[in-house]
Amino acid sequence: MKILGIETSCDETAASVVEDGTKELSFVIASSKDFHQKTGGVVPETAARKQVEFMVPVLDQVFQQVPKNEIDAIAVTTGPGLIGSLIVGIAAAKALSLALEKPLVPVNHLVAHFYANYLTYPPEQIEFPALVLVVSGGHTDLVLMHNHGNLEYLGSTLDDAAGEAFDKTARILGLAKYLGGVELSQKASKCSENTLAGTLPRPLINSANYDFSFSGLKTAVKRLWENNDFPVPVVACEFETALVDVLVAKTIRAAKEFKVKNILLGGGVSANVRLRHRLELESKNIAIPFFKPELRLCGDNASAVASAAFYNFNPKSYKEISANPSLSITQ
Ligand code: KG4
Ligand code: ZN
């Protein structure tokens, strides 16, 4: 089954065709990131206008690689995301569904992030129950995956998401106005010894639940940075280590408590080298296989949307979904 995925939840306009949930036949992404650098953050109106501008050329490129008449279904991100951006992808997907007379499959953005792993590893290697840590610009969630479409929510951030904490800290340290997570991580990698180890708080690390909180950590970095004269790499390193300590501690505790067979990572922050290494190491210590998306698939992309649709597609409910494309597969 060949599924066309469309992803427009924020500042990426992406379309892919994936066969049987794992084989990418086409992968196209356009981004309006550069336009948001000027404003130091996404202006939703600008992002939506760029989606309108990019959507048709992106689809045209995909159809040059996979002819329209080979497509069996159309999958689209229906949220969470910026409403003006989401609407562009949903409108395009609805139009294609009607024109090609193919089913329309709504996909939750965070669930799509899980499936980047199905495009990275042979799917039969991933066993249930699996524990998924989703870390993005807007979310930090721990989810128990009993099966495809059978998810149990364990915890989430009470305030800033992990990616948001990275980006805001990068701004405090003067590294980047917008999406500075990568820059911060690069600076942190230049620190040969973390002389500030343990200076910053590890919020909720020992709390009895699976919730997170990163806004206090961000404020603590601000104070540390403004009241001292420490070099950027060491402050960046201690911030990154504190955040990763919390994510890893809670993930490993949940993995043990729920006796999962696998640990999966997803979302933009899953590109973070320290997080990948630490989870790799600590899951090995408890003998639970760990899966992480290949770097190209960590951020928002449409291949993961198409893969999620394949594994969650229920042909019986397709008519109902087509009639109401605002439904989410997790609802
Ligand atoms: O999933 P994603 O691409 O978009 C959302 O759904 O939000 O995640 C974007 C987030 C941003 O906050 C970005 O700074 C962060 O992922 N990010 C990173 C790294 N690469 C991307 N954070 C830390 N280290 C990285 N290497
Ligand atoms: Zn995302």
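Scanning all heavy atoms of the two residues, the minimum distance from T78 to P106 falls at CG2-CB, 3.5 Å.
Every residue two or more places apart in sequence or in another chain that forms a side chain to side chain contact (heavy atoms under 4.5 Å, CB included) with I286 is listed here: I252, A255, K256, I288. Under the side chain to side chain contact (heavy atoms under 4.5 Å, CB included) criterion, S31 pairs with E12, K33, not counting sequence neighbours. Among residues two or more places apart in sequence or in another chain, the side chain to side chain contact (heavy atoms under 4.5 Å, CB included) test is passed with K23 by E19, L25.
Under the side chain to side chain contact (heavy atoms under 4.5 Å, CB included) test applied with H139, the options L110, T157, V269 reduce to a single match, L110. Among V134, L133, V132, T251, the one residue that satisfies the side chain to side chain contact (heavy atoms under 4.5 Å, CB included) test with L265 is L133.
Proximity of the aromatic rings of Y118 and H148 is defined here by a centroid distance below 6.0 angstrom, and this criterion is met.
Inter-residue side-chain proximity for V143 and L154 is flagged as unmet; no heavy-atom pair is nearer than 4.5 Å. Looking only at side-chain heavy atoms (C-beta outward), L142 and F258 stay at 4.5 Å or farther from each other. By the 4.5 Å heavy-atom criterion applied to side chains, H36 and T46 are counted as neighbours.
Between E24 and R296 there is a salt bridge, since at least one side-chain N of the basic residue sits less than 4.0 Å from a carboxylate O of the acidic one. One finds no salt bridge joining E183 and K187 here, because no Lys/Arg side-chain nitrogen approaches an Asp/Glu carboxylate oxygen to under 4.0 Å. With respect to the salt-bridge test (charged N to carboxylate O, under 4.0 angstrom), the residues K250 and D211 do not qualify. We find that E226 and K222 are joined by a salt bridge, their nearest charged nitrogen and carboxylate oxygen being less than 4.0 Å apart. Using a cutoff of 4.0 Å between basic side-chain nitrogens and carboxylate oxygens, R202 and E238 are scored as salt-bridged.
Without hydrogens or angle criteria, S16 side chain to S303 main chain gives a donor-acceptor distance under 3.5 Å.
Around the NE2 atom of H277, the shell of radius 6.0 Å holds no more than 12 heavy atoms that belong to other residues, nucleotides or ligands.
Ring geometry, F212 versus F214: the interplanar angle falls under 30°, so the pair is classed parallel (tilted spans 30 to 60°).
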